[in-house]
Amino acid sequence: MSAVVTEHDDHHDHGPEKGILRWLFTTNHKDIGTLYLVFALAMFFVGGTMAMIIRAELFQPGMQLVEPQFFNSMTTMHALVMVFGAVMPAFVGFANWMIPMMIGAPDMALPRMNNMSFWLLVAGVLILASTLFMEGGAPASGWTLYPPLVLQTGNALPFAVFSVHLLGISSIMGAINIIATIFNMRAPGMTLMKMPLFVWTWLITAFLLIAVMPVFAGAVTMLLTDGFFDTSFFDAAGGGDPVLYQHIFWFFGHPEVYIMILPTFGVASTIIPVFARKPLFGYSAMVVATVAIAFLSFIVWSHHMFTVGMPKAGELYFMYATMLIAIPTGVKIFNWTATMWKGAMTFETPMLFSIAFVVLFTLGGFTGLMMALSPLDYQYHDTYFIVAHFHYTLVPASIFMIQAGAYYWLPKWTGHMYDERLGRLHFWLSAISVNILFFPQHFLGLAGMPRRIPDYAVQFADWNMISSIGAFIYGGSQLLFLYIVIKTIKQGTGEKVSDEVWEDAKKHGLEWTLPSPVPYHTFTTPPKIIPTEHI
Amino acid sequence: MSAKDAYYIPQKATWPILATVGLAVTLIGFANYLNGSSIGPILMVLGLLIFIGMLAGWFTLQATESESGTYNTQVGISYRMGMMWFIFSEIMFFAVFFGSLWYTRNLSVPWLGGEGAGPGRETQEFLWSSFQATWPSNGPGEVGGDFEPMGTWGLPFLNTLILLSSGVTCTWAHHGLLSKNRDQLIKGLMVTVGLGFLFVSLQALEYYEAYHELGLTLGSGIYGSTFFMLTGFHGAHVCVGAIMLSTVLFRSWKGHFTPENHFVFEAAAWYWHFVDVVWLGLFVFVYML
Amino acid sequence: MIKARQVLTSIALMAFGLRSAYADYTLNLGKGVTQQSGEIYDLHMWVLWVCVFIGIAVFGAMFYSIYHHRKSKGHEAAQFHGSTKVEIIWSIIPFVILVVMAVPATKLVLELDDVQDSEMTIKVTGWQWKWQYEYIDEEPSFFSNLDAASNEARQVGSGIDPRTIPNYLLEVDKPLVVPIDTKIRFLFTAGDVIHSWWVPDLGWKKDAIPGFINEAWTIIDKPGVYRGQCTELCGQDHAFMPVVLVALEKDEYDDWLDNYPENGAASYPEGTWESKAVCAGSECTKDELMTIGETVYSNNCASCHMPGGEGLEGTFPAMTVSPIVTGEIEKQIDLMLKGKEMMPAFNQSITDVEFAAVVTYTRNALGNSVGDMVQPSEIVALKSK
Ligand code: HEA
Ligand code: HEA
Ligand code: CUA
Ligand SMILES: [Cu+2]
């Protein structure tokens, strides 16, 4: 077992163990970060493959490829895999790698628990995936798992519920770890208001996770007892209400979407200043805005339920509260723009993705604001307009910034530079095709195409075909990303990168003071120099 | 470099992955059982055994490391933060069920009974015309048949007293620990654990009565659902708390813990107080109101 | 009767007229045919333009800076990094814009919530996967299914090109018929899972939730056929439960109502069994039941028990040589009336004729040949037991 290492000075020279056991038993934040990132990438392809099945069936009207029930399973699993398997783990991977390095900590605060969070995630996702092969098929009631429909799921129901429990425990453990690390492991002099914004956004995200994952767990627990133990939580005959589930789900679900976007903001706030060669504009305003968004995210959940028939006072309240989120989010957009303003910009791949993110996320935000107006949402609700909205906030926002982060930090992690030419090609392919993919969905939604349907009336045919073509190009481009990442890890462009990697990056964060690639154990002694760049 | 500056990072961790396996096997077994498959129970037992073995192993490891002075103050703080935020997540978990109770009592049942301006207005007239909104209720479908609600001032009140006193004895034990009075520590813990298990036994008795005399079951509409969900999850938490305190008792008895270094005691005590407070909430909202 | 025929012709004409309108796709929300849908459209356009404007301003500034403040152009980075004044300004301006948006939105919410003074009430119940319409205080009460042509074409591998089907997936066997210029109150509920009733031209959708009633209202300005769909995921055939609303001039509507149900049958599109008005009120022949039964089966049962009756291994039992279907007929009727587990109870959701027909059909088709049959009257008798 682990030796009492504090008594040996030489333990810091320990390299990693060899072979598979290194990965199974590791407590090293970088190893675990890598595990998370690799897993997330794999799941991105799994979830993406499901999206391709969806888009292929929707390529033209009529049912060509799959049964409607299977189509619904695909929609459900695509969303669950992307959200819980790809986006969230990718950001946890970044957090594991970067937070200790950014705040000058030797590792995460609770290394063993860190290991457990990762493996619970794997167990949860595997159980979820296994439902695809069960009698009655995978859950097919949408990622929202609304009762009573979800109770018609076959054998998959308890497995889906327990996988949510495992994913929940995993996320909570991960989040506790991050909070403890940030509060307790900062190097001397690294005050809260000196922390890089990425660390700040993750601190808030972790708080959101701890607050809402148990809520989701509770909701699915009630599904389980309604399904198997005769309870009546969501059954009017027994005095319950199916809408109760929706309230609980969205109390989780809305903060959940900010869980996916706040770290995205963090990565953008890290990258943009470096390539604008200017300090981040309005650091403290950014922090305040992050906190405000997180706070508001708890009190707006019913904007997903404008059509369930709420009392009108409730409806108005949720409309107003939701609209308010535009203000702190706007502050963020404006601050990024101001950071670029009068900078000396260069446009390496991470910066290209960041700029596209700012523009396309704002587009997604605008449609969000339109849906926040409840009378308008009577029309938009459950149409492709919403599908367009949230993919704009998830794909060219979260996914773009995950990829931007990968380009930005890979050289630091591996010591190799990625191929800039291919990186830019990947960017342009992605940025163009993602719009071909999702922009027409606005039209479809407004013209009246409901979401979650495997077949549609013929007047929707043209835009669906265009959207599907966009999807195939976008999906194909991600193979290029895979290639670039693997190539970078293997040998990169051949030349070794400097410690700083990016021009003057040292000014922007502690992580750039470390050698590239970063040694297995980061800070053997607490770093003394604290960047004062953004103050 | 002095030991104080260095941060303890375990080299490798075998227990966490075993914990994952144990948990996953248990849940897979449970799911199979719910689907009526015969390997379900076997897997559940297997998973639980792995999990219990893991707990024993992991706790022993932590105890040994702690006693050998591996953890510095910083580690201690991390552990405390971990426990605090874990309890916070538990609070949110209970909040769901309290919230459901609030929602059904104040919104869905009255709506079904025709009250309010929202969805309620026509619901009763067109769907449940003979339903009167009252609490306790098993809904307009009278799901689960006739039942009597659980009384307040019998067993539940006794249980309240028991849990409250166990909170006091727990604090008393803590004082013993701080003032190096090991005898007080052990006695205090023994009484606390004893009261904990007494509580659980009485709760079991209460359930027995509910099922056999009151006709009150998990299937008794929304009243039965919320009643058993809330008290059931609480009872489960009392068990976990009591088990935690038992390990603490065992370690105290073996002479572990110093006034400066007794994180596990604190964690268990916090947890115990949390369980206490939840019970007070239950007593007020489930039994009294 | 002659009047009735005119009504029907006008319905048919309108249906055709609209079909050509559907051929060209739209990019935007429709204006709809009620005052509220128009107001919603206006608000939508207004908010859209505000967003476009903000977008132009923000992205304009950004692209200006991207173009002019490039390192490759030799621009030196300035080092300013914050200003409380600006932060306040760009928090307040959006706030003001939001307030301005909230005012008309609030007005609309209040307006749409007000069901008072409605002149008629229709109760809409969502079922997997059809709509049931009951005219409160009036006679009509019926189910509305996806039309047979769409239903055939939408089967996987049917080989039928959806473009050849008029109003593919947006056509039903029996449309909902309502008058214009009348404040109609809708009550929504569901029999199994949550559905959502949406006709874009009315400007709203409303969820149909089992065990609860939701309300909404409308006043339609223009006669016409308005089509929509179920918009809440409700299982495998969620895509296949359209809503068709026929809005008639008031007097035409009154005629329709007066002559219901005799002429009701005639208002169904050609090809469905109702249009042939078979065995109404009398004994049915086995052939009649078999024809009707086929349609009923494909509309109501095939989604689970599969079009050929082979069922779905492990989930939905096969009809072919099922012990129940080939056993005592009462047992089958009983099971179908009461439902079992996921098998819905059909005591309400299909008519007695349809019920008798589908029982007869399952026993004498789909690979079975029991030879017996059951009359609608017997179903009525069994129901009342
Ligand atoms: C990362 C994910 C993410 C993010 C960031 C957002 C951000 C927002 N979302 Fe979105 N949303 C989703 C993911 C996300 N959403 C998902 C997944 C769903 C569907 C779930 C499902 O049903 O399956 C959904 C659904 C959804 C609905 C429900 C629609 C329906 O089902 O009927 C609504 C309604 O209000 C909404 C609103 C908003 C708003 C107001 C924001 C705001 O945060 C946006 C704020 C940003 C801006 C407004 C742009 C920048 C601001 C400025 C430039 C300032 C000036 C601007 C103005 C004054 C206009 N979202
Ligand atoms: C983070 C979350 C996330 C991400 C990243 C995505 C990414 C994508 N999503 Fe998804 N999506 C959701 C979250 C997400 N989605 C959610 C929450 C829903 C709602 C579910 C519900 O209604 O319950 C949804 C629903 C949804 C729908 C609506 C389904 C319906 O209503 O029935 C569609 C349809 O177009 C869609 C498409 C896509 C596409 C094309 C991508 C692409 O960006 C994916 C690109 C990735 C790849 C393609 C993988 C990489 C490449 C390969 C595997 C190689 C093979 C490539 C080819 C064969 C070309 N998504
Ligand atoms: Cu009914 Cu969707
Ligand atoms: Cu939301």
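By convention in this document, chain letters (A, B, ...) are assigned in the order of the sequence lines, proteins followed by strands, and residues within each chain are numbered from 1.
B:E90 does not touch chain A: none of its heavy atoms, backbone or side chain, sits under 4.5 Å away. Of the two parts of A:I169, only the side chain, counted from C-beta on, holds a non-hydrogen atom closer than 4.5 Å to a non-hydrogen atom of chain B. Contact annotation for A:I210: both backbone and side-chain heavy atoms come within less than 4.5 Å of a heavy atom of chain B. For B:T217, no part sits under 4.5 Å from any heavy atom of chain A, backbone or side chain. Of the two parts of A:F183, the backbone and the side chain both hold a non-hydrogen atom closer than 4.5 Å to a non-hydrogen atom of chain B. Of the two parts of A:V243, the backbone and the side chain both hold a non-hydrogen atom closer than 4.5 Å to a non-hydrogen atom of chain B. Only the side chain of A:F228 comes within less than 4.5 Å of a heavy atom of chain B; its backbone N, CA, C and O stay farther away. Proximity to chain A is limited to the side chain of B:F233, based on heavy atoms less than 4.5 angstrom apart. Contacts between A:L157 and chain B at a heavy-atom distance below 4.5 Å are absent for every atom of the residue. With a threshold of 4.5 angstrom between heavy atoms, B:I28 approaches chain A through its backbone and through its side chain. Contacts between A:I248 and chain B at a heavy-atom distance below 4.5 Å involve the side chain alone, from C-beta outward. Of the atoms belonging to A:L120, heavy atoms from both backbone and side chain fall under 4.5 Å from chain B. Both the backbone and the side chain of B:F30 come within contact range of chain A, each with at least one heavy atom under 4.5 Å from a heavy atom of that chain. Heavy atoms of A:S130 lying under 4.5 Å from chain B are absent altogether. Contacts between A:I172 and chain B at a heavy-atom distance below 4.5 Å involve the side chain alone, from C-beta outward.
Taking CD1 from B:I77 and CE from A:M185, the interatomic distance works out to 11.0 Å, rounded to the nearest 0.5 Å. Atom CZ in A:R112 sits 8.0 Å away from atom OG1 in B:T14 (nearest 0.5 Å). Note that CZ of A:F229 and CG of B:L34 are 5.0 Å apart. Values are rounded to the nearest 0.5 Å. For the atom pair A:N155 CG and B:S37 OG, the distance stands at 9.0 Å (nearest 0.5 Å). Note that the CG atom of A:D241 and the OG atom of B:S100 stand 10.5 Å from one another [nearest 0.5 Å].
The two atoms that bring A:F233 and B:S225 nearest to each other are CZ-O, 3.6 Å, heavy atoms only. Nearest heavy atoms, A:S232 versus B:I222: O-CD1, 3.8 Å. Between B:V96 and A:P214, the shortest heavy-atom contact is CG2-O, 4.2 Å. Heavy atoms only, all atoms of each residue included: A:N184 and B:S78 are closest at ND2-OG, 2.7 Å. A:A217 and B:F93 make their closest contact through C-CE1, 4.1 Å (heavy atoms, listed as atom of the first residue, atom of the second, distance). A:N115 approaches B:P16 most closely through the heavy-atom pair OD1-CB, 3.3 Å.
Side-chain contact between B:Y79 and A:L110: present, with at least one pair of heavy atoms (C-beta onward) separated by less than 4.5 Å. Counting heavy atoms from C-beta on, the side chains of A:W119 and B:L18 never come closer than 4.5 Å. B:M84 has its side chain out of reach of A:I179: every pair of non-hydrogen atoms, C-beta onward, lies at least 4.5 Å apart. No side-chain heavy atom of A:T225 sits less than 4.5 Å from a side-chain heavy atom of B:F228. Two residues are said to be in side-chain contact when any heavy atoms from C-beta on lie closer than 4.5 Å; B:M92 and A:F251 meet this criterion.
The choice from B:L218, B:T104, B:V109, B:V143 that makes the most heavy-atom pairs within less than 4.5 Å of chain A is B:L218. When B:A24, B:A19, B:P140, B:G219 are compared by the number of non-hydrogen pairs under 4.5 Å with chain A, B:P140 comes out ahead. Annotation: maximal heavy-atom pairing with chain A below 4.5 Å, among B:F86, B:Y103, B:Y223, B:F131, occurs at B:Y103. Of all the listed residues (A:G218, A:A237, A:G314), the one sharing the greatest number of non-hydrogen pairs under 4.5 Å with chain B is A:A237. With chain B as partner, the option from A:E135, A:H247, A:M116 having the largest number of non-hydrogen pairs under 4.5 angstrom is A:M116. Ranked by heavy-atom pairs shorter than 4.5 Å toward chain B, the options A:A206, A:A211, A:A123, A:A219 are led by A:A211. Counting heavy-atom pairs closer than 4.5 Å to chain B, the top-ranked of the candidates A:H165, A:M113, A:M222, A:M213 is A:M222.
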Between B:L27 and A:F159, is a side chain to side chain contact (heavy atoms under 4.5 Å, CB included) present by the stated rule, with each step listed? CA-CA 8 Å; B:L27 290 178; A:F159 290 94; over 6 Å; no

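The number of heavy-atom neighbours closer than 6.0 Å to CZ of B:F126, taken from other residues, nucleotides and ligands shown, is above 12. Counting heavy atoms of neighbouring residues, nucleotides and ligands inside a 6.0 Å radius, atom OH of B:Y211 exceeds 12 of them.
Relative ring orientation between A:F207 and B:W85 is described as perpendicular, the plane-to-plane angle rising above 60° on a 0-90° scale split at 30° and 60°.
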